[in-house]
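A short write-up of the structure that comes next.
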Amino acid sequence: MNAGGHVFSVDLLERNGAKGHGLITCMAAGNDVILIGTSKGWLIRHDFSVGDSYDVDLSGGRGGEQPVHRVFVDPGGSHCIANVLHSGGTETYYTHAKWARPRVLSRLKGLVVNAVAWNRQQITESSTREVILGTENGQMYEISVDEVDKKEKYIKFLFELTELPEAIMGLQMETASVGNAMRYYVMAVTPTRLYSFTGIGALDTVFASYSDRAVHFMELPGEIPNSELHFFIMQRRAKHFAWLSGAGIYHGELNFGAQHSSSGGDENFVENKGLLNYEKLGEAMKPRSLAVSEYHFLLLIGEKVKVVNRISQQIVEELKFDHTPDSVSKGIIGLCSDATAGLFYAYDDSSVFQVSTPDEGRDMWKVYLDTKEYAAALASCRSPLQRDQVYLMQADDAFSSKEYFRAASFYAKVNYILSFEEISLKFINISEQDALRTYLLRKLDNLTRDDKCQITMISTWITELYLDKINRLLLEDDPISLGNAPLGSSNAEYQSIIKEFRAFLSDSKDVLDEATTMKLLESYGRVEELVFFASLKEQYEIVIHHYIQYKFAPDLIMLDAYETVESWMTTNKLNPRKLIPAMMRYTSEPHAKNETHEVIKYLEYSVHHLHNEDPGIHNLLLSLYAKQEDDSALLRFLQCKFGKGQVDGPEFFYDPKYALRLCLKEKRMRACVHIYSMMSMHEEAVALALQVDPELAMAEADKVEDDEDLRKKLWLMVAKHVIQLEKGIKRENIRKAIAFLKETDGLLKIEDILPFFPDFALIDDFKEAICSSLADYNKQIELLKQEMNDATRGADNIRSDITALAQRYAVVERDEECGVCKRKILSTGGAHQMRRGYLPVGPMTPFYVFPCGHSFHAQCLITHVTQCSSQSQAEQILELQKQISLLDGKVTKDAGTSTSGDSITSTISANNLRSQLDEAVASECPFCGELMIRDISKPFILPEESELIASWQIKPQLVTQKILPMSMSI
């Protein structure tokens, strides 16, 4: 129940609830208004809806302890009744939300009021209407107060418990209209009994009727001093009640419209009664207070508030409160509820806590499911997965009880937890074919129209199960009577299943696959059902048309082509490919030019409306278009993309090679150009287009975008044709050729087309174009010259920099300090002794000097760079030092043995490694370069951490004295 987190949450509302007027003694709430009674006779009112708060003095100016015994507020938060225990006697007060001062109800002087019942249906902000008060001496009074009159309208005595005089500890009232009259339902509790009163008329009339009839009550053993009665209210109507009695929590549902008569003669409006025994909660103490929510009881047991699920009767959580230190010993002393706002409150002697439940019903489906209250569980479900679990448990229960048809109905509602195949196998494994059929039928009802494939599959399976059931009935009665109705005792069941099967066929005729269903009916020998299904599908006409259209189609189309084609177009059941012989025969006959070609009309209908993809149909239509004098229909057909919208589908369904041969034969050159282009044969397309229309050739040449060389070649073909085609004046030809160059958008230049002109053409005719071309070349040459000059200057600058760099030096002052250890750079010996791998340069310690002016001892620099670098870089530096040391040792050894060749080789290798080490540690100044930038994001190291950090560092080896990238000068 509590797997998803706490059901109730607790928030501190007021830390000093009594506001210095003693301690909190009681509390009431309604419509976001709370009223707190204190031990010194004060009433503190908080209206959270408007953020208002004020105190009301009920002490009358008396000093000392004058505790507010009880405080009551109506569901709207306007009317308040409080009972104060003065030293001189008990007083009952009434106050309104708009009043500054309370009014004493003088006729109730001396009476201790324990309970109040408000008329929730009739009460208004200005009038309390009928209010019932229950007292300590077992009496009940009716009062009514109007806010405008500033006083009570009346106070009437209603009833007194005489048989067993006990204090009335709780009161609740409901009303219902009965015609023009009002029916009252009143419940009252004492420490041992629960009384119920009901009747039509005024309240005093209802209670007066009990003078000559017995009062209906429920008595439970045990006694509890703080007996309480609570109604759970939803939309101003009581739904269920709970009585905190000595034996346990007596609870039930309320149905004020019920007409069940009780043994005492009263209408019994209590249903589904139950008793929650305290022992079941595992608590030795009895609760001191109670609050009721929709699904839970909040019980104050000792100093703790525990939440008990009303359905499972299990404790689901214990509420935690943040008490002040001086109120911890007493803990929570009371509970109350705000039915209007749906909130609960708990209070100790100084603080007020708000208890809320944003969604207490979120897991109630599990609780109801555990108690097998399936209808309530389904009503409480919030998701399809939860409903699946409820249906599955219902189905499993029915299946284990061998109620297979009932189980089938519930399994059909399961969509996620159990697969269709698993459920089907459950029935197949126990040979329950009839239950399986029921499951499939119910499953079919739960599928949506979008599940077309599954609907067809299940419907086909159901058809086969029906046919199997019919055959089994026939075999049970008479093994030889297959195909005929049985004559024995199973005739009624047989007729019933036949009727049910035909009804199923009628309902499923649109989803059943026609051919499969016909084959099934035929294979089981169900001729009558076959005829029935054929009539449902209008199969008589379809069968007749099938044979007539295919077998006699050639003769029919020759007799009346229009009517034949019109009949073909009335149905989409025909296969146009089977009609090709008939259409070929029709096309072989001569037709008038203005006559509508019926075969073309039908083929266009098949291609464009039926979306036929048969290559034979498309080829036939293309061949008929090609034979027409006007090639516009042929071109439109070739340009159509019939496969558009299909994933990876073709754009056409005809054979392009066949189409090309046909169009060449029929001399449909424009169509041939389109087909060549479609087949990516662009040179052939342009060559053919030049024979038809140069403009068409230009358009074809422009279609090539991803191959610049091919595009230029195609335009040269067009240019050559255009130049050679012109037969006019020479200068006019040249002018047209120059204009043609502009159409190529710079792709062709004058030098590209010059070879196409005759040798005797004068240069003057091309002067303007050639000058323009030469000007373009000059611009390109000047641009190249500029780039070459820039490159030359850059190279010169680099050479100058290299030369200057070789002559660069740095001056190191005598008192120059190391950037790391702060000792003098020009120190000797001491902590900075030379390490292996470096050649000595006098007694000085090796050091580095950078162009920025920073100087470092070699060992200090290596240590610093190693600490600030990554682990891999530090390991690389360490490895380089190790290799240099090994090679230096070998050089020394070779020198001692006079092996000069090996010594030279080792020295060269050591120098290479030193260069790598220099590059690793001294490629840039550690204080000015990227290394320092990366250090900005690193945390500072505390002094006490320095020893620990030092233990992690990689100890680098000292390198020889080196100055990079400058030479040293002292």
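Bear in mind the structure is a predicted one, so any value in this text is a computation, not a measurement.
In terms of the ring-ring contact (aromatic ring centres under 6.0 Å, His included) criterion, residue partners of Phe241 (sequence neighbours excluded) are, by chain and number, Tyr250. In this structure, the salt bridge (charged side-chain N to carboxylate O under 4.0 Å, His left out) partners of Asp397, at least two apart in sequence or on a different chain, are Lys372. Looking at residues two or more places apart in sequence or on another chain, you find a side chain to side chain donor-acceptor pair (under 3.5 Å) between Glu500 and Tyr466. Glu566 is linked by a side chain to side chain donor-acceptor pair (under 3.5 Å) to Lys601, counting only residues two or more places apart in sequence or in another chain. Legend: residues meeting side chain to side chain donor-acceptor pair (under 3.5 Å) with Glu563, ordered by chain and number and at least two apart, are absent. For Arg442, the side chain to side chain contact (heavy atoms under 4.5 Å, CB included) partners two or more places apart in sequence, or in a different chain, are Ser409, Ala412, Thr438, Asp445. In this structure, Arg387 has no salt bridge (charged side-chain N to carboxylate O under 4.0 Å, His left out) partners at least two apart in sequence or on a different chain. Listed by chain and residue number, Ser383, Gln389, Tyr416, Ile417 satisfy the side chain to side chain contact (heavy atoms under 4.5 Å, CB included) test with Leu385 (two or more places apart in sequence, or in another chain). Residues satisfying the side chain to side chain donor-acceptor pair (under 3.5 Å) criterion with Arg382, sequence neighbours excluded, are Asp359. For Thr448, the side chain to side chain contact (heavy atoms under 4.5 Å, CB included) test picks out Asp450, Asp451, with sequence neighbours left out. Glu464 pairs by the side chain to side chain contact (heavy atoms under 4.5 Å, CB included) definition with Leu520, Tyr524, not counting sequence neighbours. Partners of Arg237 by salt bridge (charged side-chain N to carboxylate O under 4.0 Å, His left out), not counting sequence neighbours, listed by chain and number: Glu174.
In summary, the side chains of Asn415 and Tyr391 do not present any donor paired with an acceptor at a separation below 3.5 Å, with no hydrogens or angles considered. Counted by atom type alone, Glu317 and His6 present one or more donor-acceptor pairs between their side chains at under 3.5 Å. Between the side chains of Gln313 and Lys280, a donor-acceptor pair is found at a separation under 3.5 Å. Gln314 and Asn309 form no side-chain donor-acceptor contact under 3.5 Å, judged by distance and modelled atom types alone. Under 3.5 Å, the side chains of Glu271 and Asn255 contain a donor-acceptor pair of N or O atoms. A side-chain donor from one of Tyr625 and Glu604 sits under 3.5 Å from a side-chain acceptor of the other. In this model, no donor atom of one side chain and acceptor atom of the other lie less than 3.5 Å apart for Ser424 and Glu421.
We find that Arg472 and Asp468 are joined by a salt bridge, their nearest charged nitrogen and carboxylate oxygen being less than 4.0 Å apart.
Counting only heavy atoms from C-beta outward, the side chains of Val390 and Cys381 approach each other to under 4.5 Å. Two residues are said to be in side-chain contact when any heavy atoms from C-beta on lie closer than 4.5 Å; Ser459 and Phe504 meet this criterion. Using a 4.5 Å cut-off on side-chain heavy atoms (C-beta onward), Ile249 and Leu299 make contact. Within the 4.5 Å cutoff, the side chain of Val565 has no heavy atoms near those of the Tyr605 side chain. Within the 4.5 Å cutoff, no side-chain heavy atoms of Lys273 are placed close to those of His251. Here the side chains of Leu622 and His618 are not in contact, with every heavy-atom distance at 4.5 Å or above. Between Tyr602 and Pro576, some side-chain heavy-atom pair lies under the 4.5 Å cut-off. Here the side chains of Gln386 and Leu378 are not in contact, with every heavy-atom distance at 4.5 Å or above.
Ring centers of Phe637 and Tyr654: under 6.0 Å apart, within the cut-off.
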(request) Decide side chain to side chain contact (heavy atoms under 4.5 Å, CB included) for Leu620 and Met583; before the verdict, give the C-alpha distance in whole Å, the side-chain angles of both, and the deciding distance to 0.1 Å. (result) CA-CA 9 Å; Leu620 177 58; Met583 291 186 284; 4.2 Å; yes
(request) Output, in order, the C-alpha distance, side-chain angles, deciding distance and verdict of side chain to side chain contact (heavy atoms under 4.5 Å, CB included) for Gln433 and Lys469. (result) CA-CA 8 Å; Gln433 303 296 326; Lys469 175 66 175 177; over 6 Å; no
(request) In sequence, state the C-alpha distance, the side-chain angles, and the governing distance for Glu253 and Asn272, and then conclude on side chain to side chain donor-acceptor pair (under 3.5 Å). (result) CA-CA 6 Å; Glu253 297 176 359; Asn272 301 324; 2.9 Å; yes
(request) Assess whether salt bridge (Lys or Arg N to Asp or Glu O under 4.0 Å) is satisfied between Glu360 and Arg310, documenting all intermediate values. (result) CA-CA 12 Å; Glu360 67 167 323; Arg310 182 170 59 87; over 6 Å; no
(message) Could you go through Tyr411 and Asp396, starting from their C-alpha distance and side-chain angles, then the distance that decides it, and tell me whether this counts as side chain to side chain donor-acceptor pair (under 3.5 Å)?
(response) CA-CA 8 Å; Tyr411 277 132; Asp396 287 343; 2.5 Å; yes
(request) Begin with the C-alpha distance, continue with both residues' side-chain angles, and end with the deciding distance and a verdict on side chain to side chain contact (heavy atoms under 4.5 Å, CB included) for Phe8 and Ser356. (result) CA-CA 6 Å; Phe8 290 80; Ser356 58; over 6 Å; no
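Note that NZ of Lys413 is 7.5 Å distant from CG of Asn446, once rounded to the nearest 0.5 Å. Interatomic distance, Gln454 CD to Lys443 NZ, rounded to the nearest 0.5 Å: 6.5 Å. Between the CD1 atom in Ile315 and the NE2 atom in His296 there is a gap of 12.0 Å [rounded to 0.5 Å]. Atom CG of Leu536 sits about 10.5 Å away from atom OG of Ser508, to the nearest 0.5 Å. Here Met234 contributes atom CE and Lys239 contributes atom NZ; the two are 7.0 Å apart, rounded to the nearest 0.5 Å. Atom OH of Tyr374 sits about 6.5 Å away from atom CG of Leu369, to the nearest 0.5 Å.
Formation of a donor-acceptor pair under 3.5 Å by the Asn619 side chain with backbone atoms of Asp655 is found in this model. The backbone N or O of Leu638 lies less than 3.5 Å from a partner atom in the side chain of His674, making a donor-acceptor pair. Here the side chain of Ser606 pairs no donor or acceptor atom with the backbone of Asn612 at under 3.5 angstrom. Of the possible donor and acceptor atoms, none in the side chain of Ser496 sits under 3.5 Å from a partner among the backbone N and O of Ala492. Judged purely by atom type and a 3.5 angstrom limit, Thr516 has no side-chain atom pairing as donor or acceptor with the backbone of Leu512.
Here the options are Phe405, Phe420, Phe399, the test is ring pair (Phe, Tyr, Trp, His ring centres under 6.0 Å), and the partner is Phe427; only Phe399 passes.
Atom CD of Gln639 has more than 12 neighbouring heavy atoms from other residues, nucleotides or ligands inside a 6.0 Å radius. No more than 12 heavy atoms of other residues, nucleotides or ligands shown are found within 6.0 angstrom of CE on Met584.
What you find for Arg577 and Pro581 is that their closest heavy atoms are O-CD, 4.1 Å.
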